[in-house]
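Just below is one structure, and these are the notes that go with it.
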There are 2 protein chains.
Amino acid sequence: MAEDIFKALADPTRRKILDELAERSGQTLFEICSRLSMKHQLGLSRQAISQHLAVLEAAGLVESRREGRYKFHDLNTAPLEHIAERWIRRDAPEDS
Amino acid sequence: MAEDIFKALADPTRRKILDELAERSGQTLFEICSRLSMKHQLGLSRQAISQHLAVLEAAGLVESRREGRYKFHDLNTAPLEHIAERWIRRDAPEDS
DNA sequence: ACTATAGGCAAGCACACACTTGCCTATCAA
DNA sequence: TTGATAGGCAAGTGTGTGCTTGCCTATAGT
């Protein structure tokens, strides 16, 4: 549960994938690959990205839909919403 | 920076240490050890916890102060505040 | 002084994990 | 059907890391 989310966020490449999907949701594996190598100089193999996407999907951070031979990946930020509330006690309201 | 924080949060034992410090800040290494083994059945060595605390401190999530032969550890939730805002775009206000 | 407590340092081990390579399947266009 | 594109599966490799063990330092009590 939370274990999967934190493990998924632990890797810098996976965080960049989330960045990429946040900027433009609904990309295919090849799109993510090429844009990561363009913008971030990340020369990773297609399988590496594919495995990262699997981890992100297992954590619920990425959802995928298949259309023909394309598989589109969408960002899901819902699991991130209250991830740190576990330790942040607001017994003293900060402002407002 | 963010790298250290996510790596620190990736380990379940470290998250339990944060839980423990959130519940009761200012504990020593031995206190954390014994309470982890009591409440969570975590029979880890003192050095294991010490190394975890070093990782948490490097991430800025834990601060320590030395007094005599005691070293007290305090939780610092500041780095956690906006950790997920990187991906959560509020271009559409959710409610309120 | 001696002893016990609180903690630090460093080497070693074993497993997890990021990444690659090679091969296979499925969809679409010619 | 043939070829090209988009993707999947599985085994192998190497580094990172969580944890242990053993020894050392420092503070406090007697």
Side-chain angles (χ1 to χ4, degrees), chain A residues 1-21 24-38 40-59 61-74, chain B residues 1-21 24-38 40-59 61-74:
Chain A
M1 212 68 241
E3 175 75 24
D4 301 316
I5 299 176
F6 285 115
K7 285 239 168 144
L9 292 176
D11 186 82
T13 302
R14 283 197 287 270
R15 292 197 298 273
K16 280 180 191 133
I17 293 176
L18 291 183
D19 291 338
E20 195 53 51
L21 289 179
R24 185 209 235 224
S25 198
Q27 295 189 57
T28 68
L29 174 57
F30 275 81
E31 285 180 290
I32 298 172
C33 278
S34 62
R35 298 187 57 158
L36 279 183
S37 75
M38 296 292 124
H40 299 277
Q41 277 75 23
L42 268 192
L44 289 181
S45 71
R46 176 179 55 88
Q47 284 75 2
I49 308 296
S50 178
Q51 286 164 11
H52 281 310
L53 283 172
V55 173
L56 290 169
E57 200 163 357
L61 294 168
V62 165
E63 291 167 354
S64 62
R65 50 194 158 89
R66 185 123 210 187
E67 290 181 19
R69 59 175 164 175
Y70 298 103
K71 190 180 181 187
F72 301 103
H73 301 271
D74 299 289
Chain B
M1 214 68 242
E3 174 75 23
D4 300 317
I5 300 175
F6 286 114
K7 284 237 170 144
L9 293 176
D11 186 83
T13 302
R14 283 197 287 270
R15 293 197 298 273
K16 279 181 190 135
I17 292 176
L18 292 183
D19 291 338
E20 196 51 51
L21 289 178
R24 187 208 232 224
S25 198
Q27 295 190 57
T28 68
L29 174 58
F30 276 82
E31 287 178 288
I32 298 172
C33 279
S34 62
R35 298 189 54 160
L36 279 183
S37 74
M38 295 295 124
H40 300 275
Q41 276 74 26
L42 268 192
L44 289 181
S45 72
R46 176 180 55 86
Q47 283 76 2
I49 308 296
S50 178
Q51 287 164 10
H52 281 309
L53 283 171
V55 174
L56 290 169
E57 199 161 359
L61 294 167
V62 164
E63 290 167 353
S64 62
R65 50 195 159 89
R66 184 122 210 188
E67 289 181 19
R69 61 173 162 173
Y70 298 103
K71 189 178 181 187
F72 300 102
H73 300 272
D74 299 288

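What's counted below: heavy atoms across the whole structure, side chains too, no hydrogens, waters or symmetry copies. All chains are named by letter (A, B, ...) in the order of the sequence lines, taking the proteins before the strands, and each is independently numbered beginning at 1.
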Rounded to the Å, how far apart are [X] [atom1] and [N] [atom2]?
X: B/Leu53; N: C/dA6; atom1: CG; atom2: P; value: 15 Å
X: A/Gln47; N: C/dC19; atom1: CD; atom2: C1'; value: 10 Å
X: B/Tyr70; N: C/dT5; atom1: OH; atom2: C1'; value: 7 Å
X: A/Ile49; N: D/dG8; atom1: CD1; atom2: P; value: 13 Å
X: A/Leu44; N: C/dC17; atom1: CG; atom2: P; value: 18 Å
X: B/Arg69; N: C/dG8; atom1: CZ; atom2: P; value: 14 Å
X: A/Arg66; N: D/dT5; atom1: CZ; atom2: P; value: 17 Å
X: B/Lys7; N: C/dA16; atom1: NZ; atom2: P; value: 17 Å

Which residue lies toward the 5' end of DNA chain C, A/Val55 or B/Glu31, if each is placed at its nearest nucleotide? B/Glu31
If you take atom types as modelled and just measure distance, does the side chain of A/Gln51 reach the base of C/dT20 with a donor-acceptor pair under 3.5 Å? yes
Tell me the closest heavy-atom pair linking B/Ser64 and B/Lys71, and the distance in Å. OG-CE, 3.2 Å
Any donor-acceptor pair under 3.5 Å linking the side chain of [X] with the backbone of [Y]?
X: A/Ser34; Y: A/Phe30; result: yes
X: A/Arg14; Y: A/His52; result: no
X: B/Arg65; Y: B/His73; result: no

Given [options], the nucleotide with the shortest approach to the side chain of [X]:
X: A/Phe30; options: D/dA6, C/dG7, C/dA18; answer: D/dA6
X: B/Ser45; options: C/dT20, D/dA6, D/dT21; answer: D/dT21
X: A/Arg46; options: C/dC28, C/dC23, C/dG7; answer: C/dC23

Short side-chain N/O contact from [X] to OP1 or OP2 of [N], under 4.0 Å:
X: B/Ser50; N: C/dA6; value: no
X: B/His52; N: D/dC19; value: yes
X: B/Lys71; N: D/dT27; value: no

Check whether any side-chain heavy atom of B/Glu31 sits under 4.5 Å from a side-chain heavy atom of B/Glu20, and report yes or no. no
